[in-house]
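Read the structure below first, then the notes.
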Amino acid sequence: MTVGSGTVLLVGLDPVGEGAFSSLLTQRGLQVQSVSTGCQAFAGFESQLPDLLVVAGTLPDMSVARLCQRLRVNAVTRSIPVLVLLEAPDAEQERLVLEQGADACLSRQADPAFLMFRVCGLLRENDEDPLSRAGGTFRQPSVAIATAPGGLLWSWRGGGRDAPPVLQDLLRRHGATVSLIDDPADFNLANCPVGKDQPDCLVVDLACPSFDGLAFAHTVVAMRRRTRQCMRVLGMVEGGQLSGQMASMAFSAGVDDLVDADIAPDLLVARISSLVRRKMVQDETRREEAHIESARARMALADALRRVNADLASANRKLIEAQAKLVQSAKMASLGELAAGIAHEFNNPLAFVLAHENTVNRSISRALSAVREGDTLAAEQALAKSSERLAASLIGLSRMRDLVVSLRRFSRLEEGEFSRLDVPEAIDMVLTLLAPKLGQNIRVICALDAPPDLFCQAALVNQVVMNIVSNAADAITEKQREQEAAGLAAGEEDRIEITSSLEPATTHTGQDYVIRISDTGPGVPKDLQERVFEPFFTTKPVGSGTGLGLATAYGVVQAHDGSIVVTDARENGGACFTLRVPYRAEEERRTHAA
């Protein structure tokens, strides 16, 4: 199997591993460069973009999840494939790495030939049509399974000859549409329009007795090249055949990944999801490239357009660098949005107190007159009424005092400093300020099981949690308006759930402090979940959002060496934001402060 020229960037590999891997790649005609940290890799992107990143499982300055997230939120680097190298085979760790955004994950102990096959698969150019016909709307991932009764995939994981394949039901439970191909002669990629009938990934049974799986895979790859489409192909072989002649023939036939029948179900789903994600990223990248090329042809201003693109790229880098400076500005914008609601909260108790003031004055005057006339009973009744009114007024004044205290604590300037924060108290303060926006139609449920104290910046709650809860309230309110306009009856009670817990860290030793915020709103489409943290990107109507809230939240969490992701809230049908920051013990806090 041959591979053309390309640049591979090795990130964080130790000298021994770097030398061995560099030698393996240069023998195949690839250009190899290396850096020690993730930050050095991103700094080098300004001068040259690599064709592939090979990353160590543990980096000294950032986690693999954070590296992948930074790659995916930038349109310039979004399509660069990432191969993660683990020290030893670990199926669970491989599944986690793939779910965090990597395109492939292998052990350094794997067969060198198989490692090279996977590298070639990630670098392979399929000559797809740059003008994708799928459009920019969200659609479910589509997977096709090529097998037949008696085949390896048909009976995989206990399936019988008369029962449908287990993999078919497993993928459907993960949100994919699945089709079954039991006769390769009926499959014609040219008759599958992109975005309708064409699968994003084809899983081929390479050991099926009913047809030649290798020949079918080779035919599909040839059709893929001829029709200029970019469907991914994954092959399954018998256990223990991932090395040697079978692997060589499979990758030479054009498959993009190869697994054996001993693979765990969760890991197989993760491998398929990685191929689908890679295919969708390429679709989006090629749509963007097609728009640019079309504009150049129509306007005949290729040189001018390149200068404009360079200026835009430079401006985009400056905007990202200035993101940290927007924390205070975004907070002031949040306070401005809350001003009308806070004024209403002040107005109600104030009107309540003023209404009772006249009543108290009249009652005191009657009591004084009764004392002068010697009517003790009337005086006591008047004073009792005054006492009741004063007690009621005290409730309104206490509400005003609580609002003032919450505002003062929220607007303090030391948000960039790390200190001990009482998380439940800070969240309660945020909910107090957001009470006017939440109203009576949105219920907030808090289940804070993690320790109350966290060594962090106050902005982690004052900015990140407030922005996410505020966005959730806006999404739920908009959904309720659409239901009312359509004359639909309200379903289950709309709510926002905030939970906290301590969980084992996936990217470092120790534990992570995890805060999850889920809602019952319309959710975030999967094709936008990687873009919601980009500066100035917003899904709200024009004039309703600045696009800085989640970008600021992303910057704050980065300052904590943590991560923030958005997924589907399966139970609620809305969005779920997960914040992870390292949890420091008491002695570590003292060391950090010193």
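- Panel note: side chain D449, backbone S501; no donor-acceptor pair is recorded below 3.5 Å.
- Shown are I80, V11, T77; of these, the side chain to side chain contact (heavy atoms under 4.5 Å, CB included) with P50 is made only by I80.
- Listed by chain and residue number, D205 satisfy the side chain to side chain donor-acceptor pair (under 3.5 Å) test with T147 (two or more places apart in sequence, or in another chain).
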Please evaluate residues I517 and V465 with respect to the criterion side-chain contact (heavy atoms from CB on, under 4.5 Å), reporting the C-alpha separation (whole Å), side-chain torsions for both, the decisive distance (0.1 Å), and the verdict. CA-CA 8 Å; I517 305 172; V465 174; 4.0 Å; yes

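- Within the 3.5 Å criterion, the main-chain N or O of A270 finds no donor-acceptor partner in the side chain of S274.
- Qualifying side chain to side chain donor-acceptor pair (under 3.5 Å) partners for R78, counting only residues two or more places apart in sequence or in other chains: E284, E534.
- A heavy-atom distance below 4.5 Å is not found between the side chains of F117 and C120.
- Contact between P81 and L52 at its shortest, heavy atoms only, is O-CD1, 3.5 Å.
- Side-chain contact between C68 and Q100 is absent, with no heavy atoms from C-beta onward closer than 4.5 Å.
- Counting heavy atoms from C-beta on, the side chains of E238 and Q241 come closer than 4.5 Å.
- S63 pairs by the side chain to side chain contact (heavy atoms under 4.5 Å, CB included) definition with A65, R66, T507, not counting sequence neighbours.
- We find the CG-CE distance between L258 and M246 to be 8.5 Å, quoted to the nearest 0.5 Å.
- Closest approach of L448 and T499 over heavy atoms only: CD2-C, 4.2 Å.
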Salt bridge (charged side-chain N to carboxylate O under 4.0 Å, His left out) between D256 and R224, worked out: CA-CA 12 Å; D256 300 286; R224 180 177 66 180; 3.1 Å; yes

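- Residues satisfying the salt bridge (charged side-chain N to carboxylate O under 4.0 Å, His left out) test with E92, not counting sequence neighbours, are R95.
- In terms of the salt bridge (charged side-chain N to carboxylate O under 4.0 Å, His left out) criterion, residue partners of D257 (sequence neighbours excluded) are, by chain and number, R118, R271.
- In this structure, the side chain to side chain contact (heavy atoms under 4.5 Å, CB included) partners of A575, at least two apart in sequence or on a different chain, are D519, V524, V566, F577.
- Put simply, the side chain of V204 does not reach to within 4.5 Å of the side chain of I181, judged on heavy atoms.
- Remark: the backbone N or O of P199 is not paired with any side-chain donor or acceptor of S179 at under 3.5 angstrom.
- Taking Q93 as the reference, L86, D90, L96, V97 meet the side chain to side chain contact (heavy atoms under 4.5 Å, CB included) condition, with sequence neighbours excluded.
- L460 contributes atom CG, which lies 6.0 Å from atom CG of L579 (distance to the nearest 0.5 angstrom).
- Contact annotation: the side chain of L85 approaches that of V54 to within less than 4.5 Å [non-hydrogen atoms, C-beta and beyond].
- Here the CD1 atom belonging to I564 is positioned 10.5 Å from the CD atom belonging to Q558, to the nearest 0.5 angstrom.
- In this structure, the separation between CE on M236 and CG on L268 is 5.0 Å, given to the nearest 0.5 Å.
- Of the possible donor and acceptor atoms, none in the side chain of D512 sits under 3.5 Å from a partner among the backbone N and O of V514.
- In this structure the side chain of V64 never reaches within 4.5 angstrom of the side chain of V82, judged on heavy atoms.
- What you find for L83 and F21 is that their closest heavy atoms are CD2-CZ, 4.5 Å.
- Residue pairs satisfying the side chain to side chain donor-acceptor pair (under 3.5 Å) criterion with at least one member in residues 206-219, sequence neighbours excluded, are absent.
- Here the straight-line distance linking atom CG of N471 with atom CD1 of I476 works out to 11.0 Å at 0.5 Å rounding.
- A salt bridge links R72 with D103: the distance from a Lys NZ or Arg NE/NH1/NH2 to an Asp or Glu carboxylate oxygen falls below 4.0 Å.
- Nearest approach of P89 to Q109, heavy atoms of both residues: CD-OE1, 3.6 Å.
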I445 vs I498, test: side-chain contact (heavy atoms from CB on, under 4.5 Å). Steps then yes/no. CA-CA 6 Å; I445 302 173; I498 305 175; over 6 Å; no

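- Shown here are the salt bridge (charged side-chain N to carboxylate O under 4.0 Å, His left out) partners of D111, two or more places apart in sequence or in another chain: there are none.
- Residue pairs satisfying the salt bridge (charged side-chain N to carboxylate O under 4.0 Å, His left out) criterion with at least one member in residues 259-269, sequence neighbours excluded, are absent.
- Under the side chain to side chain donor-acceptor pair (under 3.5 Å) criterion, Q480 pairs with D494, sequence neighbours left out.
- Counting only distance, with no hydrogens or angles, the side chain of R172 and the backbone of V178 share a donor-acceptor pair below 3.5 Å.
- Judged by distance alone, the side chain of W156 and the main-chain N or O of L167 form no donor-acceptor pair under 3.5 Å.
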Let's go through Q168 and W154 carefully: what are the C-alpha distance in whole Å and the side-chain angles of both, what is the deciding distance for side-chain contact (heavy atoms from CB on, under 4.5 Å) to 0.1 Å, and is it a yes or a no? CA-CA 9 Å; Q168 187 175 11; W154 194 283; over 6 Å; no

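- Put simply, the side chain of R278 never gets that close to the backbone of A104: no donor and acceptor are under 3.5 Å apart.
- D200 contributes a side-chain N or O that, together with a main-chain N or O of S142, makes up a donor-acceptor pair within less than 3.5 Å.
- A salt bridge links R516 with E503: at least one charged nitrogen is closer than 4.0 Å to a carboxylate oxygen.
- Every residue two or more places apart in sequence or in another chain that forms a salt bridge (charged side-chain N to carboxylate O under 4.0 Å, His left out) with E87 is listed here: R108.
- The SG atom of C208 sits 12.0 Å away from the CG atom of L214 when rounded to the nearest 0.5 Å.
- For the residue pair P522 and A475, the shortest heavy atom distance occurs at CD-O, 3.7 Å.
- Residues V143 and V203 form a side-chain contact, since some pair of their non-hydrogen atoms from C-beta on lies under 4.5 Å apart.
- Residues L9 and A41 approach most closely at CD2-CB, 4.0 Å, considering heavy atoms.
- When side chains are defined from C-beta on, L206 does not count as touching L152, because their heavy atoms never get closer than 4.5 Å.
- Put simply, the side chain of R232 never gets that close to the backbone of C201: no donor and acceptor are under 3.5 Å apart.
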Working for side-chain contact (heavy atoms from CB on, under 4.5 Å), residues T477 and I442: CA-CA 9 Å; T477 301; I442 302 176; 4.1 Å; yes

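- Between F42 and F45, the distance from one ring center to the other falls under 6.0 angstrom.
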